[in-house]
Structure formats: structure tokens, C-alpha cells
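Structure, as C-alpha cells:
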Amino acid sequence: MTPVDLARWITAIVFIAIGVTHFIPPVVRGMAAMVPAVFHGRPFSAIGWVWVTGVAEIAGGLGLLWEPTRAAAGIALAVFLVCVFPANAYAAGKREKFGVFAVPFWPRLLMQLALIALVLWVGLTP
């Protein structure tokens, strides 16, 4: 197994596992609170957004493991990470409300950029 294969498997498992957590009721409530009000009802409720993002993470993780969908999954996960960043940025300023989910803005931005680089690397490297 090459280093990129190992990284791909680890990345896929992490995305799948995190996606599954989007369906655990106490976690769903916490994540739904992170969805900025502007997104409520457009077109989903806050809980709907949590479920949709959970499905996206599971699908992206699985997609990384299957060669015909690997590149598309890597690109889709990179776009996904850009799209969910507003919720992370919103939570960053509300540590008293979100606790450990409220990673400060700049470290979260750097983490998000590193994750984008990672999913593109494992998705686009043959």
C-alpha cells in the first residue's frame, strides 16, 4: 500500500464516520444550532442541512474508495468543505454556545484549507 493509498483510506473512513455522526440525535441538535439562520428553510431546515451534509460526507468518503468516482469525490469534498465553512465560522465566534465545536476562526480556516488539500491529493492522485 502506497502512502497515498493509506491516506485515502484514512480520509475516507474519517469522512464516513463523521457523516454517520450527522444522524445521532444529540449531535444533530448541536450541529443544527451551528447552521446560520440565513440558511434555515433555504431549502432545508437546520436539521435537514445536517442530514444533507452527513449524506455528502458519507458519499464523498465512499467515493474516494472507488477508482471510477475517486476524482469526482475529491473535488466534491473540496467544494463541500468550502460550502460548510460559513457554519464553522459562525460557530467560531460563539465558544460559550458550541464548546469544542467552536474552533477559533483562523485555526479553523487553516484546518479547512489543509483538508481541502488532502481531499484533492487523495482524490486526484492515481
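Side chains are part of it too, since the values below use all heavy atoms of this structure and drop only hydrogens, waters and symmetry mates. None of the values given here were measured: they were computed from a predicted structure. Starting from 1, each residue takes its place in the sequence as its number.
- Residues I10 and L77 do not share a hydrophobic cluster, defined by chaining ILVMFWY side chains whose heavy atoms lie under 4.5 Å apart.
- Of all the heavy atoms in A91 and A102, the pair that sits closest is O-CB, 3.1 Å.
- Side-chain contact between D5 and P3: absent, with no pair of heavy atoms (C-beta onward) separated by less than 4.5 Å.
- Under the 4.5 Å side-chain heavy-atom criterion for grouping Ile, Leu, Val, Met, Phe, Trp and Tyr, M31 is connected to V28 within one hydrophobic cluster.
- Heavy atoms only, all atoms of each residue included: P86 and P36 are closest at O-CG, 4.1 Å.
- Side-chain contact between E57 and V20: absent, with no pair of heavy atoms (C-beta onward) separated by less than 4.5 Å.
- Nearest heavy-atom pair across I16 and L62 is CD1-CD2, 3.6 Å.
- Linking Ile, Leu, Val, Met, Phe, Trp and Tyr whenever their side-chain heavy atoms come within less than 4.5 Å leaves M34 and I24 in two separate clusters.
- Relative ring orientation between F23 and W51 is described as parallel, the plane-to-plane angle staying below 30° on a 0-90° scale split at 30° and 60°.
- R108 places no side-chain N or O within donor-acceptor distance of the main-chain N or O of V103, the cut-off being under 3.5 Å.
- V27 places none of its side-chain heavy atoms less than 4.5 Å from the side chain of H22.
- What you find for A32 and A46 is that their closest heavy atoms are O-CB, 3.5 Å.
- In this structure, R70 contributes its side chain and G123 its backbone to no donor-acceptor pair below 3.5 Å.
- The backbone N or O of F39 sits less than 3.5 Å from a side-chain atom of W49, completing a donor-acceptor pair.
- Between I58 and F15, every side-chain heavy-atom pair lies at or beyond the 4.5 Å cut-off.
- In this structure, Y90 has its ring center no closer than 6.0 Å to that of F105.
- Taking the side chain as every heavy atom from C-beta outward, L124 and I75 approach each other to under 4.5 Å.
- Grouping the Ile, Leu, Val, Met, Phe, Trp and Tyr side chains by contacts below 4.5 angstrom, directly or via other members, places I13 apart from V119.
- Nearest heavy-atom pair, G63 versus A73, reported as atom, atom and distance to 0.1 Å: C-CB, 3.5 Å.
- When the side chains of ILVMFWY residues are joined at heavy-atom separations under 4.5 Å, either directly or via intervening members, W121 and L81 end up in a single hydrophobic cluster.
- Within the 4.5 Å cutoff, no side-chain heavy atoms of V82 are placed close to those of F85.
- Closest approach of R8 and L65 over heavy atoms only: O-CD2, 4.4 Å.
- When atom types are taken as modelled, the side chain of T125 and the backbone of V122 share no donor-acceptor pair closer than 3.5 angstrom.
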